Amino acid sequence: MIDTELVADRLKALGSFDDETIESYDELIENAALSVYATLKSMDYEDDGRVIFLAAAKAYYYIACSGGGFDSVESFKAGDVTLQENPKALIDVAELIVKQAQADCAGLIYGSGFAFRGV
């Protein structure tokens, strides 16, 4: 099993979360770790840093999609107090991070295509 504490540590750095905030996302972190674990070509890879980062990236994406824990302010104007938010931009960034992390793990995980693993 992928160490969720390591995933949480990477997620803290990725999203600039504090310890208290990270604890509120324990279930998302665990789900992301399980999701990545299920795709591993070998259980020997579960401690690989790239795999840990992929799990953190997936958790970050889950959090971004839920709208939690992020400041989605895109611009701020002090004079007239204009505030514009763009939560979709954060989701797009999180999705790009996941895609890059998956590419980095290409040799360690199975792709999303259909294949028979044994008969």
Side-chain angles (χ1 to χ4, degrees):
M1 180 61 194
I2 295 173
D3 186 339
T4 56
E5 291 297 320
L6 293 175
V7 174
D9 286 342
R10 294 281 169 89
L11 182 58
K12 277 193 253 183
L14 189 59
S16 300
F17 297 115
D18 59 26
D19 290 334
E20 185 178 322
T21 303
I22 281 294
E23 285 180 23
S24 69
Y25 296 122
D26 282 347
E27 286 184 34
L28 293 177
I29 293 167
E30 186 173 339
N31 285 337
L34 288 169
S35 173
V36 172
Y37 185 76
T39 67
L40 293 178
K41 290 181 178 179
S42 169
M43 299 313 123
D44 294 337
Y45 301 141
E46 67 186 45
D47 295 326
D48 188 289
R50 295 166 291 181
V51 170
I52 303 296
F53 184 78
L54 176 56
K58 281 192 149 199
Y60 185 76
Y61 179 74
Y62 297 161
I63 294 166
C65 287
S66 72
F70 295 105
D71 183 5
S72 59
V73 174
E74 189 175 72
S75 67
F76 176 79
K77 195 182 216 180
D80 295 345
V81 186
T82 302
L83 182 69
Q84 289 182 320
E85 294 186 8
N86 188 356
K88 175 80 171 98
L90 181 61
I91 293 170
D92 291 343
V93 169
E95 186 175 14
L96 289 173
I97 293 170
V98 170
K99 285 181 180 179
Q100 183 58 52
Q102 287 172 328
D104 292 345
C105 290
L108 308 177
I109 61 174
Y110 290 107
S112 60
F114 178 78
F116 286 104
R117 294 188 187 167
V119 179

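Nothing here was measured: the structure is a model prediction, and the numbers come from that model. Positions are given from 1 along the sequence.
Side-chain contact check for F53 versus I97: some heavy-atom pair is nearer than 4.5 Å. Considering only heavy atoms from C-beta on, E46 stays 4.5 Å or farther from D3 through its side chain.
The shortest non-hydrogen separation linking Y61 to E95 is CD1-N, 3.7 Å. When every heavy atom of L90 is checked against every heavy atom of A64, the shortest pair comes out as CG-CB, 4.1 Å. Of all the heavy atoms in Y45 and G107, the pair that sits closest is CE1-O, 4.3 Å. Of all non-hydrogen atoms in I2 and A33, the two that sit nearest each other are CD1-O, 3.5 Å. In terms of heavy-atom proximity, V98 sits nearest to A57 at CG2-O, 3.3 Å.
Not a single donor-acceptor pair under 3.5 Å links the side chain of R10 to the backbone N or O of A55.
To the nearest 0.5 angstrom, S16 atom OG is 10.0 Å from L11 atom CG. Atom NZ of K58 is separated from atom CG of L28 by 12.5 Å, given to the nearest 0.5 angstrom. To the nearest 0.5 Å, atoms CG (N31) and CG (D26) are separated by 11.0 Å. One distance of note links CD1 of I52 with OG1 of T4; it measures 9.5 Å at 0.5 Å rounding. One distance of note links CG of L40 with CG of D48; it measures 9.0 Å at 0.5 Å rounding.
Residues L96 and I109 are members of separate hydrophobic clusters, defined by side-chain heavy-atom contacts under 4.5 angstrom among Ile, Leu, Val, Met, Phe, Trp and Tyr.
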Contacts under 3.5 angstrom, residues 99-106 side chains, donor-acceptor by atom type, not counting sequence neighbours:
residue	atom	partner	partner atom	Å
Q100	NE2	D104	OD1	2.9

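Here D9 pairs with K12 under the salt bridge (charged side-chain N to carboxylate O under 4.0 Å, His left out) rule; sequence neighbours left out.
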